[in-house]
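All remarks here apply to the structure that follows.
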Amino acid sequence: MADKADRREFLKKSVLMGLGPLALASLAGCGGKDSAVAAPADGKRRKLRAAMGNGGLQSTWCTLGKTTAELWGELLDVEVTWFDGAFNLEKQRSEMERLANQDWDFVAVQAQQIDALEPAVRKLKRRNIPVISMDTHLVALDRMREVGVWLQIEPDQEYMGRTSTKYLMDKIGGRGKVIHIGGASGHSGGQGRRAGFEKILSEYPDVEVVGGGVRWCDWEKEKARATFAALLNQTQEKIAGAFFHNDDMAIASVEALKGSRHEGMVITAVDGQKEGLTAVIDGRIHATTVNPACLIHMNTLVIGQFIARNGEKVEDLPLRVVTPGPLVSLETGNAEAMLYMADPSRCLV
Amino acid sequence: MFEQFPIRMNLRTHARALAPLATLFALVIFFSIFTSGFFDLYTLNSVLKQASTRALVATGLTFVLLCCEIDLSVALVATLAGCQMGVLYKWMLDTGPAILSVTGPDGSITVTLVGAVLALLLPVLTGVLIGVINGLLTVWSRLPSFIITLAMMEIARGLASYLTKGAQYPDMPGVLPASANEGILIGADFELPYSVFVVGTIMLAAHFVLIYTRFGRYVYMTGGNREAARLAGVRTGFVVVGCLAICGMTASLGGLMNAGWINSAGINQNLNLLLEAIACVVLGGTSLFGGEGGIKNTLIGVLAFTVLDVGLGYVTWVDEFLRRSVMGLVLLSALLLNGQLAKIRQN
């Protein structure tokens with residue numbers, strides 16, 4: 001019993017530190033009859049059924065999440081049924097309603113909006129099906145357990161905004177003009193990254209944001225590029241740098257710098273997946289902070305199967321797990337390693 | 001042989017009306033056979049709930065299409081209504097005067113009945129106003145309603161963004177989430193959503209107006225042949241304004257219903273509502289060129305579209321990335337079938 005409790009404690013800590021895969025490997029090596037990943041006596045492990053879905057497969061982050069779930073689902077003997085939110089609140093709610101009437105070992109979802117899926121989650125709770133919330137909060141943290149959410153797994157949006165902005169400020173010497181291109185104003189990711197940016201900005205009184213503040217571009221590359229180009233034309237003075245809420249918008253926009261008086265400005269962003277990391281390595285952008293899509297989806301699967309196989313109770317779990325992501329730049333020297341980890345054939349970060 | 005002739009004629013005459021019904025039955029049968037878990041009372045409950053917003057918006061759109069116009073602003077008018085309601089309700093909770101909100105003995109603030117009614121009524125009136133403006137501009141400028149309502153769509157989007165500043169508004173009159181999410185339990189397994197009664201009342205009223213009132217007949221006349229209607233003494237401009245105003249009203253009601261369903265109001269809602277509502281009306285057999293169709297058709301169209309939408313979720317043998325294409329293909333087939341049957345009838 002003590003052995004089991006120790007392992008559980010170790011698992012919690014491991015997940016909290018973003019070391020889900022290592023914990024998994026360690027536990028697999030531990031053996032014992034109650035081991036979460038070891039096969040039972042008859043040599044056959046029950047294949048679990050999980051329903052997973054995120055915001056919309058139009059986004060690189062979400063597609064990577066799906067790839068991760070399928071890859072790791074196979075490794076963990078979990079049959080993952082994917083439901084696409086298609087960046088459409090009503091559709092996601094409709095899908096959740098359907099899932100609530102089917103049998104699952106656990107359900108995991110990245111809600112597009114807080115509270116929108118609550119009635120469907122309550123139905124799952126009545127049927128004793130564990131629900132794991134990824135990224136955006138399904139409901140407010142203090143109501144999660146009452147509604148039926150067992151666990152919240154998320155990145156630290158504000159931390160990502162702060163880290164990339166701090167790098168930007170250091171690179172420009174803490175003075176000059178900068179551009180701030182935001183995601184969607186109503187999205188918790190956009191709000192958190194904006195808060196992180198503004199927190200660091202407040203420490204640099206000699207830095208001015210062109211256009212007076214964040215320009216929301218709804219995560220749309222075309223919109224970001226057009227907005228960025230318009231802001232570049234607003235000032236004769238050389239703009240020192242720009243912070244984008246995601247890599248896709250940054251990569252699409254840097255083309256606008258070619259041949260302009262602002263060429264060479266420092267560009268930082270958030271997401272740190274394959275395209276962003278490649279852009280850091282080839283110098284198109286200077287730094288990105290990893291928003292660990294794979295880690296979030298993988299940890300969700302790992303924890304979900306522990307819940308199902310070990311019969312863990314909701315009170316055994318932490319309410320919130322934050323998956324960290326590092327800053328990646330040529331100076332930090334971790335770009336190649338991150339690229340290896342982020343490759344869709346591995347889905348490790 | 002001679003006895004069969006009238007039946008064949010009858011089938012031809014009703015071909016266009018029967019096609020949507022046949023589509024609906026075909027979809028139900030298809031999903032019942034080829035998916036697991038579709039054919040049960042829980043799915044019926046889901047279909048009825050999810051059809052509510054579409055049905056409300058499609059009802060107004062039916063009037064507009066019947067008089068040979070289009071309203072592209074419906075989805076954003078719906079979103080604006082939700083946002084307006086959310087912002088208004090929040091304002092009442094935060095700083096509203098005593099008639100609108102009261103503080104309880106435990107310090108909690110609740111919105112009064114007057115406040116709740118206002119929060120629901122003002123967005124609907126805004127919708128009507130937008131519809132009237134759409135209509136007046138269309139009639140006065142003689143520009144296609146396509147262009148006018150396209151511009152109005154952007155205006156509504158801007159207003160909704162300005163009101164919400166991108167934030168979500170989870171507080172709303174309790175009647176909204178209750179009517180959209182709850183219902184009357186019939187037996188042990190089936191819950192008839194309250195929204196069915198709201199939608200049913202609106203659709204019944206719309207059907208009555210179209211079939212049994214002079215205004216309704218004028219709508220069909222205006223859509224069938226506007227010049228002939230005008231020469232017959234119908235004030236076609238008034239009819240167009242009236243139809244767009246009704247459309248604005250039902251779009252707002254749809255927006256409120258959807259806010260209740262989603263449990264909050266915000267700018268990122270009703271993204272596909274415009275195309276879905278148009279698809280529902282056309283799938284039901286109402287002509288895009290006016291003068292033909294009605295609320296009964298729209299009801300069938302809404303049910304067929306929602307069954308398709310919900311049913312596809314149960315299909316596990318279609319790649320997730322292909323799902324939307326499959327939906328488009330089925331929709332296209334149904335619309336082509338409708339078109340062919342309409343031709344048969346004309347011949």
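Chain A is the first sequence line, chain B the second, and so forth, proteins listed ahead of strands; every chain is numbered from 1.
Not counting sequence neighbours, the partners of B/Arg157 by the salt bridge (charged side-chain N to carboxylate O under 4.0 Å, His left out) test are B/Glu154. Applying the salt bridge (charged side-chain N to carboxylate O under 4.0 Å, His left out) criterion to B/Glu191, with sequence neighbours excluded, gives no partner residue.
Taking CH2 from B/Trp261 and CG from A/Leu89, the interatomic distance works out to 9.5 Å, rounded to the nearest 0.5 Å. Annotation: the span from A/Arg93 atom CZ to B/Asn258 atom CG amounts to 9.5 Å, rounded to 0.5 Å. To the nearest 0.5 Å, the span separating CD on A/Gln191 from CD on B/Gln168 amounts to 8.5 Å. For the atom pair B/Asp309 CG and A/Arg98 CZ, the distance stands at 10.5 Å (nearest 0.5 Å). Considering CG of A/Asn88 and CZ of B/Arg324, their distance stands at 7.0 Å, rounded to 0.5 Å.
Heavy atoms of A/Glu95 lying under 4.5 Å from chain B belong exclusively to its side chain. If you measure heavy-atom distances from A/Glu97 to chain B, the contacts under 4.5 Å come from both the backbone and the side chain. With a threshold of 4.5 angstrom between heavy atoms, B/Asn268 approaches chain A through its backbone and through its side chain. Interface residue A/Ala100: backbone and side-chain heavy atoms are both found under 4.5 Å from chain B.
Environment of NZ in A/Lys274: sparse, with no more than 12 heavy atoms of neighbouring residues, nucleotides or ligands closer than 6.0 Å. More than 12 heavy atoms of other residues, nucleotides or ligands shown are found within 6.0 angstrom of NZ on A/Lys47. Heavy atoms from other residues, nucleotides or ligands lying under 6.0 Å from OH of B/Tyr162 number 12 at most. Residue-environment remark: NZ (A/Lys91) exceeds the threshold of 12 foreign heavy atoms within 6.0 Å. Other residues, nucleotides and ligands contribute at most 12 non-hydrogen atoms within 6.0 Å of the NZ atom of A/Lys221.
A/Ile114 is not listed as a side-chain neighbour of B/Pro170, based on a closest heavy-atom distance of 4.5 Å or more. Looking at heavy atoms from C-beta onward, B/Ile262 lies in side-chain contact with A/Gln113 at the 4.5 angstrom threshold.
No hydrogens or angles considered: nothing links the side chains of A/Glu90 and B/Asn272 as a donor-acceptor pair under 3.5 Å.
Interface check for chain B: of the options A/Gln102, A/Glu118, A/Lys123, the most heavy-atom pairs under 4.5 Å are formed by A/Lys123.
In this structure a side-chain-to-backbone donor-acceptor pair under 3.5 Å is present from B/Asn263 to A/Asp115.
For residues 134-150 of chain A, heavy-atom neighbours of chain B at less than 4.5 Å comprise no residues at all. At a heavy-atom cut-off of under 4.5 Å, chain A is reached by B/Ser36, B/Asp40, B/Tyr42, B/Ser46, B/Lys49, B/Gln50 from residues 32-57 of chain B, listed in order of number.
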